[in-house]
Amino acid sequence: MQVKNRNIMYLLLGISLAIYSAIVWIVPWEKNGLLVLSYCFTVVAFLFQGILWKMSWEQSESAMSKFYGISILRLGIIYLAVQIVLSFIIILASKVIPNWIPILLYIILLGMFLVGILATTKVKEQIDVLETRQKESTLSMKKLRIEAEYLSDTYTTQKKLETIAEKLRYSDPVSSDALMEEEKELVLLLEQVSQALQDENQELFDTLADEFLSKLEKRNRLCKMYK
């Protein structure tokens with residue numbers, strides 16, 4: 001979330017709390033223990049909103065992660081709305097209900113909210129971990145593709161470089177631990193290909209390029225097999 005938008009949301013939250021506080025303390029209903037209890041639980045609900053807004057957006061990068069971040073935010077808003085409505089009901093009925101009922105209701109509501117937040121946050125964390133791993137797992141092949149395209153653009157007369165770049169472009173970039181050795185060999189081979197071109201050793205370049213294409217084909221077959 002951008003700093004400007006975040007500050008606006010915090011400002012709206014503060015204004016809402018100020019309006020709620022004014023209603024609670026200015027309206028001439030009886031100022032008793034249940035009113036204080038209701039006010040305290042509602043302030044806690046407001047404080048949770050600030051925490052949730054920060055947690056649900058600032059740590060979200062992907063669309064899926066932001067989706068669950070929105071779910072966390074929505075859950076917090078529902079909790080706050082229910083808490084505000086319930087607090088006014090308790091304040092209005094404070095003369096006719098025993099103290100233990102509001103306490104129990106507030107604790108149950110807070111507990112349900114915390115369980116929901118913990119469950120949704122856990123799912124969001126797992127998605128973040130999986131997407132981070134996926135991003136890392138594609139890094140090696142993406143670097144190979146960029147390097148091959150650079151070499152192809154630099155040495156335009158070498159048709160095998162175009163073939164290598166094209167094969168890498170259409171290769172599945174998602175890697176795994178089982179493919180690490182093959183991809184390390186591809187990285188090393190591409191470095192040797194580049195060095196052969198710099199040394200103007202056409203025969204060595206042809207040999208290395210053919211070997212690279214062969215190993216790339218093997219890597220892609222293994223990639224399909226492990227899926």
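Values below: all heavy atoms of this structure, side chains included; hydrogens, waters and symmetry mates excluded.
Between Ala196 and Leu208 the shortest heavy-atom distance is CB-CD1, 4.2 Å. Pairing each heavy atom of Leu168 with each of Leu144, the nearest pair is CD1-O, 3.5 Å. In terms of heavy atoms, Ala45 sits closest to Leu80 at CB-CD1, 3.7 Å.
Under the salt bridge (Lys or Arg N to Asp or Glu O under 4.0 Å) criterion, the residue pairs touching residues 149-162 are Glu149-Arg169, Lys159-Glu162, Lys160-Asp206, Lys160-Asp210, with sequence neighbours excluded. Listed by first then second residue, pairs satisfying salt bridge (Lys or Arg N to Asp or Glu O under 4.0 Å) with a partner in residues 7-22 number zero, not counting sequence neighbours. Listed by first and then second residue, the side chain to side chain donor-acceptor pair (under 3.5 Å) pairs involving residues 75-89 are Tyr20-Ser87, Thr42-Gln83 (not counting sequence neighbours). Applying the salt bridge (Lys or Arg N to Asp or Glu O under 4.0 Å) test to pairs two or more places apart or on separate chains, those with a residue in residues 82-103 are Glu30-Lys95. Under the salt bridge (Lys or Arg N to Asp or Glu O under 4.0 Å) criterion, no residue pair touches residues 109-118, with sequence neighbours excluded.
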| query | Could you go step by step and tell me if Ile103 and Ile107 meet the side-chain contact (heavy atoms from CB on, under 4.5 Å) rule? | reply | CA-CA 6 Å; Ile103 295 174; Ile107 291 175; 3.8 Å; yes
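Connectivity analysis of hydrophobic side chains (ILVMFWY, heavy atoms under 4.5 Å, direct or indirect) links Leu118 to nothing; its cluster partners are none. The hydrophobic cluster containing Ile89 also includes Val85, under a criterion of side-chain heavy atoms closer than 4.5 Å among ILVMFWY residues, counted directly or through chains of members.
Rounding to the nearest 0.5 angstrom, the gap separating the CG atom in Leu105 from the CG atom in Leu86 is 5.5 Å. Taken to the nearest 0.5 Å, the CG atom of Leu104 stands 12.5 Å off from the CG atom of Asn99. With rounding to the nearest 0.5 angstrom, the CG atom of Leu197 is 8.5 Å from the OG1 atom of Thr157. From Ile78, atom CD1 reaches atom CG of Leu73 across 10.0 Å, with rounding to the nearest 0.5 Å.
For the pair Ile23/Trp29, a side-chain contact is recorded, criterion being any heavy-atom separation below 4.5 Å from C-beta on. Between Ile164 and Leu216 there is no side-chain heavy-atom pair separated by less than 4.5 Å. Looking only at side-chain heavy atoms (C-beta outward), Ile84 and Phe88 come within less than 4.5 Å of each other. No side-chain heavy atom of Ile91 sits under 4.5 Å from any side-chain heavy atom of Leu34. Put simply, the side chain of Tyr39 reaches to within 4.5 Å of the side chain of Ser21, judged on heavy atoms. Residues Ile90 and Leu37 are not in side-chain contact: their nearest non-hydrogen atoms beyond the backbone lie 4.5 Å or more apart.
Looking at residues two or more places apart in sequence or on another chain, you find a side chain to side chain contact (heavy atoms under 4.5 Å, CB included) between Glu203 and Asn201. In this structure, Pro28 has no side chain to side chain contact (heavy atoms under 4.5 Å, CB included) partners at least two apart in sequence or on a different chain. Applying the side chain to side chain contact (heavy atoms under 4.5 Å, CB included) rule to Ala93 yields the partners Val96, Ile97; only residues at least two apart in sequence or on another chain are considered. Among residues two or more places apart in sequence or in another chain, the side chain to side chain contact (heavy atoms under 4.5 Å, CB included) test is passed with Leu12 by Ile8.
For Lys31, the NZ atom is densely surrounded, since the number of other residues' heavy atoms within 6.0 Å is greater than 12. More than 12 heavy atoms of other residues, nucleotides or ligands sit less than 6.0 Å from atom CD of Gln198. The environment of CH2 in Trp25 is crowded: more than 12 heavy-atom neighbours from other residues, nucleotides or ligands sit within 6.0 Å.
Here the two rings, on Phe48 and Phe113, have centers that are under 6.0 Å apart.
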Check residues 184-192 and write down every donor-acceptor pair under 3.5 Å in which the side-chain atom is one partner and the other belongs to a residue at least two apart or another chain.
| from | atom 1 | to | atom 2 | distance (Å) |
| --- | --- | --- | --- | --- |
| Glu185 | OE1 | Lys215 | NZ | 3.0 |

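Using a 4.0 Å cut-off between charged nitrogen and carboxylate oxygen, Lys143 and Glu147 do not count as a salt-bridge pair.
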